[in-house]
Amino acid sequence: MSDAYSKITEELIAGNMAGVPDLCLQAVKDGKSAQDILDNALFPGMDVVGQRMKTGEMFIPEVLRSAKAMQAGLEVLKDKLADGGANAQLGVVVIGTVQGDMHDIGKNLVVMMLEGAGFKVMDLGTDVKPEQFVAAVSEHDATIVGMSALLTTTMPKMNETVQALTEAGLREKVKIIVGGAPVTPQFVEQIGADGYGADAGGAVDKAKELAAA
Ligand code: B1M
């Protein structure tokens with residue numbers, strides 16, 4: 001890892017909300033791509049935070065500061081993550097983190113990349129109940145629903161949301177993409193969703209594929 005990337009990783013772990021975006025901007029000016037900065041500086045930092053959270057070396061307030069520093073870094077990279085399709089009209093995506101789950105960094109990254117690819121995105125935020133997904137699909141005439149979950153305990157809410165869409169008579173109208181660290185392709189099949197994104201880029205590829213189908 002380069003010194004510049006090590007510094008970003010260190011500052012992310014330390015929760016430096018001003019330093020992380022400044023360093024990301026500097027890396028962009030030095031010719032690094034946004035994706036490279038994500039893959040080799042920001043993601044490795046969050047991995048360390050996750051490990052330290054698990055072992056009790058970091059507590060929630062510290063993890064939150066790191067999360068905010070990561071979000072600030074993402075904001076700086078946002079425009080550079082677009083893949084040039086910003087003028088395309090690929091459809092409307094309703095997206096959110098499922099009920100009971102407050103994790104939104106990965107979901108926000110998916111939102112940024114979908115917008116960059118040319119989708120109109122209605123971001124419902126976190127802790128989104130199945131009935132809120134259903135209402136938003138009708139209200140915005142959405143063609144794709146995206147759900148994110150980071151907790152094994154909230155994954156069943158994805159299944160409940162698929163069922164709620166079916167009961168509301170909307171299942172045929174929308175394609176459903178799910179993702180988040182504990183989600184697997186097998187789980188996607190199990191709940192009858194249409195696609196899986198292992199990461200934000202994968203989510204966008206799947207959304208484009210489903211939009212074209
Ligand atoms: Co939480 N947390 N957390 N946490 N947290 C995890 C997820 C955990 C793995 C940490 C650990 O123990 N090692 C663990 C979950 C264990 C499990 O269920 N298997 C955990 C826990 C236990 C908890 C609490 C229960 C802790 C507690 O209170 N005791 C609590 C739950 C709160 C709640 O949600 N109800 C909690 C709270 C928090 C904070 C609020 C402090 C904070 C979240 C802040 C925020 O998001 N605004 C937080 C954080 C930051 C984490 C870790 C450290 C980092 C998550 C993250 O942002 N990663 C996380 C450990 C880890 O993942 N290493 C952890 C970076 C992000 C870019 O990756 O979100 O995976 P990710 O997104 C990826 C892919 O998953 C994918 O694309 C993204 C990358 O390109 N993706 C999609 C995501 N959504 C997608 C949707 C798609 C497609 C792809 O289609 C629609």
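Whatever order the structure lists them in is the order used to number ligands and atoms, beginning at 1.
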Any Glu189 side-chain heavy atom under 4.5 Å of Gln186 side chain
no

Is at least one protein non-hydrogen atom found at under 4.0 angstrom from atom 43 (C) of ligand 1?
yes

Are any non-hydrogen side-chain atoms of Ile95 and Phe119 less than 4.5 angstrom apart?
no

With Lys107 as partner, the option from Asp123, Thr126, Asp101 fulfilling side-chain hydrogen bond (donor to acceptor under 3.5 Å, both in side chains) is Asp123

Go through the side-chain N and O atoms of Gln26 and Asp30 and say whether any donor and acceptor fall under 3.5 Å apart.
yes

Would a 4.5 Å heavy-atom cut-off, applied to side chains only, mark Thr154 and His103 as touching?
no

Look at atom 45 (C) of ligand 1 and say which protein heavy atom is nearest, naming residue and atom and giving the distance to 0.1 Å.
Asp104 OD1, 3.4 Å

Using a 4.5 Å cut-off on heavy atoms from C-beta on, say whether the side chain of Met53 contacts that of Ile60.
yes

Indicate if Val178 and Val93 have the same hydrophobic cluster label, given that clusters are the connected sets of ILVMFWY residues with side-chain heavy-atom separations under 4.5 angstrom.
no

May I ask you to check whether Thr153 has an N/O atom sitting below 3.5 Å from an N/O atom of ligand 1?
no

Is there a protein heavy atom less than 4.0 Å away from atom 53 (C) of ligand 1?
yes

Under 4.0 Å from a heavy atom of Asp199: give me the atoms of ligand 1 that qualify, with their elements.
76 (C), 77 (O), 80 (O), 89 (C)

Nearest protein heavy atom with distance in Å, relative to atom 35 (N) of ligand 1:
Gly100 O, 2.9 Å

Is it the side chain (CB and beyond), the backbone, both or neither of Met102 that lies under 4.0 Å from ligand 1, heavy atoms counted?
both

Please name the pair of heavy atoms, one in Val128 and one in Gly96, separated by the smallest distance, quoted to 0.1 Å.
CG2-CA, 4.1 Å

Proximal atoms of ligand 1 relative to Gly180 (non-hydrogen, under 4.0 Å):
75 (O), 81 (N), 82 (C), 83 (C), 84 (N), 85 (C)

Output the list of atoms in ligand 1 that are nearer than 4.0 Å to some heavy atom of Ala203, sorted by atom number.
88 (C)

So which heavy atom in the protein is nearest atom 15 (C) of ligand 1, and how far is it from that ligand atom?
Leu151 CD2, 3.6 Å

Compare all side-chain heavy atoms of Ile13 with those of Arg52 and state whether any distance is below 4.5 angstrom.
yes

Protein heavy-atom partner closest to atom 38 (C) of ligand 1 - residue, atom, separation in Å:
His103 NE2, 3.5 Å

Determine whether Arg65 and Lys68 make a side-chain contact, defined as any pair of heavy atoms from C-beta on separated by less than 4.5 Å.
no

Measuring from atom 87 (C) of ligand 1, which candidate in Gly179, Ala207, Pro182 has the nearest non-hydrogen atom?
Gly179

Look up atom 29 (N) of ligand 1 and tell me if a protein heavy atom lies less than 4.0 Å from it?
no

Using side-chain heavy atoms (C-beta onward) and a distance below 4.5 Å, is Asp141 in contact with Val92?
no

Considering only the protein, which heavy-atom contact is closest to atom 56 (C) of ligand 1, and what is its distance?
Met46 CE, 4.1 Å

Which ligand 1 atoms does Phe43 reach within 4.0 Å, using its non-hydrogen atoms?
67 (C), 79 (C), 80 (O)

Using a 4.0 Å heavy-atom threshold (strictly under), name the region of Thr154 that reaches ligand 1: side chain, backbone, both or neither.
neither

Which of the atoms in ligand 1, numbered in the order shown and given with their element, are less than 4.0 Å from a heavy-atom of Val63?
41 (C), 48 (C), 49 (C), 50 (C)

Minimum non-hydrogen distance to atom 89 (C) of ligand 1, winning option of Ala200, Gly195, Gly197, Ala193:
Gly197

Is there a protein heavy atom at a distance of less than 4.0 Å from atom 48 (C) of ligand 1?
yes

Please name the pair of heavy atoms, one in Lys173 and one in Ala142, separated by the smallest distance, quoted to 0.1 Å.
NZ-O, 2.9 Å

What are the two closest non-hydrogen atoms of Ala27 and Ile37, and how far apart are they?
CB-CD1, 3.7 Å

Under 4.0 Å from atom 59 (C) of ligand 1, is there at least one protein heavy atom?
no

For atom 75 (O) of ligand 1, state which one of Gly96, Ala181, Gly146, Gly106 supplies the nearest heavy atom.
Ala181

Atom 70 (O) of ligand 1 has as its nearest protein heavy atom Leu150 CD1, 3.7 Å

Asp127 vs Lys157, test: salt bridge (charged side-chain N to carboxylate O under 4.0 Å, His left out). Steps then yes/no.
CA-CA 10 Å; Asp127 190 20; Lys157 289 292 169 189; over 6 Å; no

Would you kindly say whether Ser33 and Gln35 are connected by a side-chain donor-acceptor distance under 3.5 Å?
no

Give a yes or no on whether Val98 and Val162 share a hydrophobic cluster (residues Ile, Leu, Val, Met, Phe, Trp, Tyr; joining criterion: side-chain heavy atoms under 4.5 Å apart).
yes

Run the numbers for me: atoms of ligand 1, each under 4.0 Å from some heavy atom of Asp101, listed by number.
34 (O)

Closer than 3.5 angstrom, by distance alone: can the side chain of Thr97 be matched with the main-chain N or O of Met102 as a donor-acceptor pair?
no

Would you call Ala198 a ligand 1 contact, heavy-atom distance under 4.0 Å?
yes

Would you check whether Tyr196 reaches within less than 4.0 Å of ligand 1, judged by its heavy atoms?
no

One residue to check: Gln71. Relative to ligand 1, which of side chain, backbone, both or neither has a non-hydrogen atom less than 4.0 Å away?
neither

Indicate yes or no: does an N/O atom of Ser148 lie under 3.5 Å from an N/O atom of ligand 1?
yes

Test your reading of the structure: does Asp47 have an N or O sitting under 3.5 Å from an N or O of ligand 1?
no

Starting from atom 23 (C) of ligand 1, find the nearest protein heavy-atom neighbour and note its residue, name and distance.
Met53 CE, 3.7 Å

Within a strict 4.5 Å, meaning less than it, do heavy atoms of the Cys24 and Val20 side chains meet?
yes

Atom 21 (C) of ligand 1 protein-contacted (non-hydrogen atom, under 4.0 angstrom)
yes

Considering non-hydrogen atoms of the protein only, which is the closest contact for atom 11 (C) of ligand 1, and what is the distance?
Gly50 O, 3.9 Å

Would you kindly specify which portion of Ala67 sits under 4.0 Å from ligand 1, judged on non-hydrogen atoms: side chain, backbone, both or neither?
side chain

